Amino acid sequence: MTMYMDVHHGMKGITEAELQAAHKADLAIESEEKVHFERAWADPSSGTVYCLSEAPSADAVLRIHERTGHPASEIHPVPLSV
């Protein structure tokens with residue numbers, strides 16, 4: 001499995017409760033695509049949200065986000081970490 005960092009744009013003003021709800025929606029169906037969402041971060045001022053996940057493919061991450069109503073603008077593999 002590969003780690004992925006995905007980026008969502010256009011979520012200006014997102015609140016902590018909204019970020020939590022979006023993350024919970026992903027967690028509720030992640031197993032259907034063999035994805036595991038580790039964590040999410042947001043910058044309400046810019047409207048940028050970041051999600052870290054482990055998944056079999058970027059497409060699997062994209063499908064989960066699309067089904068929960070917040071499609072990712074970018075998905076990047078993270079092949080190295082320290």
Side-chain angles (χ1 to χ4, degrees):
M1 294 272 253
T2 302
M3 297 296 292
Y4 292 93
M5 178 67 71
D6 62 76
V7 183
H8 306 257
H9 297 288
M11 299 180 83
K12 194 167 185 152
I14 189 170
T15 65
E16 184 177 344
E18 291 168 331
L19 179 62
Q20 182 80 4
H23 186 63
K24 283 184 179 182
D26 292 333
L27 294 176
I29 64 168
E30 68 181 8
S31 66
E32 296 174 21
E33 294 282 350
K34 297 184 174 108
V35 174
H36 177 62
F37 288 95
E38 300 282 337
R39 191 163 186 159
W41 300 265
D43 177 3
S45 297
S46 70
T48 307
V49 173
Y50 305 91
C51 301
L52 181 66
S53 62
E54 186 174 33
S57 68
D59 287 338
V61 175
L62 183 62
R63 285 191 295 269
I64 293 294
H65 281 319
E66 286 176 343
R67 288 176 54 199
T68 56
H70 46 272
S73 304
E74 306 168 33
I75 302 177
H76 305 277
V78 182
L80 293 175
S81 66
V82 293

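Counting begins at 1 with the first residue of the sequence. Bear in mind that the values here come from a model prediction, so they are computed numbers and not experimental data.
If you chain together hydrophobic residues whose side chains sit under 4.5 Å apart, V35 and L27 fall into the same group. Hydrophobic clustering (side-chain heavy atoms under 4.5 Å, transitive across Ile, Leu, Val, Met, Phe, Trp, Tyr) groups M3 together with V7. In the hydrophobic clustering of this structure, I29 does not group with V49; members are Ile, Leu, Val, Met, Phe, Trp, Tyr whose side-chain heavy atoms approach within less than 4.5 Å, directly or through other members.
With contacts defined as side-chain heavy-atom distances shorter than 4.5 Å, the pair Y4/L62 does not qualify.
For the pair H8 (side chain) and P71 (backbone), a donor-acceptor distance under 3.5 Å is present. Between the side chain of H9 and the backbone N or O of S73 there is no donor-acceptor pair closer than 3.5 Å. Put simply, the side chain of E38 never gets that close to the backbone of L52: no donor and acceptor are under 3.5 Å apart.
Expressed to the nearest 0.5 Å, how far OG1 of T48 lies from NZ of K12 amounts to 10.0 Å.
With sequence neighbours excluded, no residue forms a ring-ring contact (aromatic ring centres under 6.0 Å, His included) with H23.
What you find for L19 and W41 is that their closest heavy atoms are CD2-C, 4.1 Å. Looking at every heavy atom in both residues, P56 comes nearest to K34 through CD-O, 3.1 Å.
Looking at H36 and E54, their side chains never bring a donor and an acceptor atom within 3.5 Å of each other.
With ring centers used as reference points, Y50 lies 6.0 Å or more from H76.
Sorted by first and then second residue, the salt bridge (charged side-chain N to carboxylate O under 4.0 Å, His left out) pairs involving residues 17-29 (not counting sequence neighbours) form an empty list.
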